[in-house]
Amino acid sequence: MPKSGKILIVDDDEDVLKAARLFLKQHFLEVVIESNPERIPNHLQVEDFDVILLDMNFIEDMSSGLEGLAWLDKILDIDPAAAVVMITAYGGVELAVKAIKEGAVDFIVKPWENEKLLATVMSASKIKASRRKIHRLQNQQQILQRDLNAQFPSMIGTSLPMQKVYETIELVAETDAHVLILGENGTGKELVARAIHQQSQRKEEIFVKVDLGAISETLFESELFGHVKGAFTDAKSNRIGRFEAASSGTLFLDEIGNLSLPMQAKLLTAIQSKQITRIGSNTPLSTDVRLICATNMPVYKMVGEKTFRQDLLYRINTIEIQLPPLRERTEDIPLLASYFLEEFSKKYGRNLRKLQPALIKRMQKYSWPGNVRELQHAIERAVILSKGSELSTENILLQNRLSGGSGKGLNLEGLSLEEAEKTLIRKALEKHHGNISHAAEELGITRSSLYRRLEKHDL
């Protein structure tokens, strides 16, 4: 069985240090010895030790053990999960027991028997492993709690584009290949990521979502890689990052197209090396995550514009899934609308059971710039405001929504969906004198979505 584990021995007696190191080196991967307790903080910043053996006395001619207790307190302040075993002489057993009450896991009396020393250190090592696991589970629980109220309905749709998506999910889920999901806002990229996780060999492990669009550059490293206590002003305790929290599970990086180039470089390093380093620490930690990324931005175009790293794109898109917008799978609209009608009727205590055929027909002619999410919100609003037993065109005024805003006063009758969309975009651009941001805001779509439509319609 290969050796593992890192031990730190702190004692001012060089003979004790050498003897302990010589023996424990036979059983552990690394044994670090230190005669000066003042250097303990430096060691803890560089390494994460499984066990720390700490002498009770360091000052010559002093045998009170108070200095050992003081250093025990400092060690636990730096690393509350540290497994500290006190080293004491026969006469200091009572003080060693006090040390246990203050946070030490055990004590060893010198001169010791090697078998007793090994048994004590091995036991302490198991305690540290348990504390690490508890700490990781606590952080995972905190992350899970943030998503507790989120609703993630099953993927719905029988259209050919969705059948292709389902087929790809089934093929890729059983592997650990990195997946990049592309699609407009509201198309269900997170649902795809969760479906892959739920069908994978990691389905019993955690699924961790990170909205990269909501993380500032200053917090990026702390959120993804974690930090140690004292690494910066507000770092009042050790905190694991999302990579560690997702250990053995799936890490979903949403809105990856929003990362700046410096943030992309740091993420690429973590993916390539399969290691992360917490802020304030020099100890690299191995990671084991299934990586799924998503974006609504034109990453291939961004690579050409030098705003997205080509090497990062190659790392994250082993498999690529392109989600169709709702306007390209209109046959799924009745299924989706019926599903949302049932869900929200239950939620709000309404007796709505039916969608009028005229409403379905009108919904299938609407462009749905917000995709499935917009449809979901439209049905929810209609359920809340409806007084009857069925939804009609009066409940969801899609034609008004289509011709509202930038299209006010336009006659769209007789135009195809493509022609109507082109007309609305041209009108919005004219109104805002070519300002893409303002035009996109009025149309209710993102800048990247508007750019794609400009290219599509050759505007």
**Q** Any non-hydrogen side-chain atom of Leu44 less than 4.5 Å from a side-chain atom of Ile75?
**A** yes

**Q** Please report the C-alpha distance between Glu342 and Lys346 in whole Å, then the side-chain angles of each, then the deciding distance to 0.1 Å, and finally whether the salt bridge (charged side-chain N to carboxylate O under 4.0 Å, His left out) criterion is met.
**A** CA-CA 6 Å; Glu342 182 179 354; Lys346 290 178 182 177; 3.3 Å; yes

**Q** Hey, could you give me the NE2/CZ distance between His227 and Arg239, rounded to the nearest 0.5 Å?
**A** 6.5 Å

**Q** Where do Asp176 and Arg202 land on the salt bridge (charged side-chain N to carboxylate O under 4.0 Å, His left out) test, with the steps shown first?
**A** CA-CA 9 Å; Asp176 258 356; Arg202 297 171 180 256; 2.9 Å; yes

**Q** Is there side-chain contact between Val51 and Lys128, with heavy atoms separated by less than 4.5 Å?
**A** no

**Q** May I ask you to check if Lys74 and Trp71 form a cation-pi contact, with NZ or CZ under 6.0 angstrom from the six-membered ring centre and within 45° of the axis?
**A** yes

**Q** State the CG-CG distance between Leu182 and Leu323, to the nearest 0.5 angstrom.
**A** 8.5 Å

**Q** Taking the basic N atoms (NZ, or NE/NH1/NH2) and the acidic carboxylate oxygens, is any pair closer than 4.0 Å for Arg194 and Glu190?
**A** yes

**Q** When you measure from the side chain of Arg327 to the backbone N and O of Trp368, does any donor-acceptor pair fall under 3.5 Å?
**A** no

**Q** Any heavy-atom pair between the side chains of Ile292 and Leu253 that's under 4.5 Å?
**A** no

**Q** Between atom CZ of Phe225 and atom CD1 of Ile240, what is the distance when rounded to the nearest 0.5 Å?
**A** 14.0 Å

**Q** Report the C-alpha distance between Phe107 and Ile87 in whole Å, list the side-chain angles of each, state the deciding distance to 0.1 Å, and finish with yes or no for side chain to side chain contact (heavy atoms under 4.5 Å, CB included).
**A** CA-CA 6 Å; Phe107 68 91; Ile87 303 173; over 6 Å; no

**Q** Can we say Asp79 and Lys229 salt-bridge, meaning some charged N sits less than 4.0 Å from an Asp/Glu carboxylate O?
**A** no

**Q** Kindly determine whether Asp55 and Asp12 satisfy side chain to side chain contact (heavy atoms under 4.5 Å, CB included), including the steps that lead there.
**A** CA-CA 8 Å; Asp55 192 21; Asp12 60 352; 3.7 Å; yes

**Q** Is it true that a side-chain atom of Thr269 and a backbone atom of Ala265 form a donor plus acceptor pair closer than 3.5 Å?
**A** yes

**Q** Counting only heavy atoms from other residues, nucleotides and ligands, does the tally under 6.0 Å from CD of Glu170 exceed 12?
**A** no

**Q** Nearest 0.5 angstrom please: Ile181 CD1 to Phe252 CZ, how far?
**A** 5.0 Å

**Q** Examine distances only and state if a side-chain atom of Thr175 and a backbone atom of Val172 form a donor-acceptor pair shorter than 3.5 Å.
**A** yes

**Q** Are side-chain heavy atoms of Ile40 and Leu54 found at a separation under 4.5 Å?
**A** yes

**Q** So which atom in Ala195 and which in Met155 form the shortest heavy-atom distance, rounded to 0.1 Å?
**A** CB-SD, 4.1 Å

**Q** Verify, without hydrogens or angle tests, whether Ser130 (side chain) and Lys126 (backbone) share a donor-acceptor contact under 3.5 angstrom.
**A** yes

**Q** Donor-acceptor check, side chain of His197 to backbone of Glu205, threshold 3.5 angstrom: yes or no?
**A** yes

**Q** Less than 4.5 Å apart, any side-chain heavy atom of Leu117 and any of Val121?
**A** yes

**Q** Apply side chain to side chain contact (heavy atoms under 4.5 Å, CB included) to the pair Leu224 and Ile215, showing each step before the final yes or no.
**A** CA-CA 10 Å; Leu224 263 65; Ile215 298 177; 4.1 Å; yes

**Q** Check step by step if side chain to side chain contact (heavy atoms under 4.5 Å, CB included) holds for Lys110 and Asp11.
**A** CA-CA 12 Å; Lys110 57 181 178 182; Asp11 196 304; 3.3 Å; yes

**Q** For the pair Ser345 (side chain) and Leu352 (backbone), establish whether a donor and an acceptor sit closer than 3.5 Å, ignoring hydrogens and angles.
**A** yes

**Q** Taking the side chain as C-beta and beyond, is there a heavy-atom pair between Ile7 and Leu29 under 4.5 Å?
**A** no

**Q** Taking the six-membered ring of Tyr451 as reference, does the NZ or CZ atom of Lys301 fall below 6.0 Å from its centre and within a 45° cone about the axis?
**A** yes

**Q** With side chains defined as the heavy atoms from C-beta onward, is the minimum distance between Ile9 and Val31 less than 4.5 Å?
**A** yes

**Q** Where do Gly103 and Arg131 come nearest, in terms of heavy atoms and distance?
**A** O-NH2, 4.5 Å

**Q** Check this for me: does any side-chain nitrogen of one of Glu244 and Arg278 sit under 4.0 Å from a carboxylate oxygen of the other?
**A** yes

**Q** Any idea how His43 and Phe49 line up, ring-wise: parallel (<30°), tilted (30 to 60°), or perpendicular (>60°)?
**A** perpendicular

**Q** Distance check, rounded to the nearest 0.5 Å: Gln201 atom CD versus Arg290 atom CZ?
**A** 9.5 Å

**Q** With a 4.5 Å heavy-atom cut-off, do Glu380 and Leu375 have their side chains touching?
**A** no

**Q** Check whether any side-chain N or O of Thr287 sits under 3.5 Å from a backbone N or O of Val289 as a donor-acceptor pair, and report yes or no.
**A** no

**Q** Do Glu374 and Tyr366 pass the side-chain hydrogen bond (donor to acceptor under 3.5 Å, both in side chains) test, and can you show the C-alpha distance, the side-chain angles, and the key distance before you say yes or no?
**A** CA-CA 11 Å; Glu374 182 183 356; Tyr366 179 56; 2.7 Å; yes

**Q** If I take atom CD1 from residue Ile279 and atom CD from residue Glu223, how far apart are they, to the nearest 0.5 angstrom?
**A** 9.5 Å

**Q** What heavy-atom pair brings Gly183 and Lys189 nearest, and what distance separates the two atoms?
**A** O-NZ, 3.1 Å

**Q** Can a donor-acceptor pair be found, under 3.5 Å and without considering hydrogens, that links the side chain of Gln264 to the backbone of Leu259?
**A** yes

**Q** Do the side chain of Asn371 and the main chain of Pro325 share a donor and acceptor less than 3.5 angstrom apart?
**A** no

**Q** Kindly indicate, with the supporting measurements, whether the criterion salt bridge (charged side-chain N to carboxylate O under 4.0 Å, His left out) is fulfilled by Arg329 and Asp332.
**A** CA-CA 6 Å; Arg329 56 182 189 110; Asp332 290 332; 2.9 Å; yes

**Q** Could you report the tightest heavy-atom contact between Pro324 and Thr187, atom names first, then the distance?
**A** O-CG2, 3.8 Å

**Q** Evaluate Asp13 against Lys18 for salt bridge (charged side-chain N to carboxylate O under 4.0 Å, His left out), listing each step before the verdict.
**A** CA-CA 9 Å; Asp13 189 331; Lys18 291 177 182 178; over 6 Å; no

**Q** Short question: side chain of Asp211, backbone of Gly213 - any donor-acceptor pair under 3.5 Å?
**A** yes

**Q** Applying the side chain to side chain contact (heavy atoms under 4.5 Å, CB included) criterion to Met297, which one of Asn258, Thr307, Ile256 satisfies it?
**A** Asn258

**Q** Over all heavy atoms of both residues, which pair between Glu217 and Ser260 is shortest? Give the atoms and the distance, please.
**A** OE2-OG, 3.1 Å

**Q** Tell me whether Gln322 at atom CD has more than 12 heavy atoms from other residues, nucleotides or ligands lying less than 6.0 Å away.
**A** yes

**Q** For Ser200 versus Ala173, what's the shortest heavy-atom pair and its separation?
**A** CB-O, 3.2 Å

**Q** Begin with the C-alpha distance, continue with both residues' side-chain angles, and end with the deciding distance and a verdict on side-chain hydrogen bond (donor to acceptor under 3.5 Å, both in side chains) for His178 and Thr318.
**A** CA-CA 5 Å; His178 295 334; Thr318 305; 5.6 Å; no

**Q** As a quick check of understanding, evaluate side-chain hydrogen bond (donor to acceptor under 3.5 Å, both in side chains) for Asn296 and Glu184, giving each step before the final call.
**A** CA-CA 5 Å; Asn296 65 342; Glu184 297 177 8; over 6 Å; no

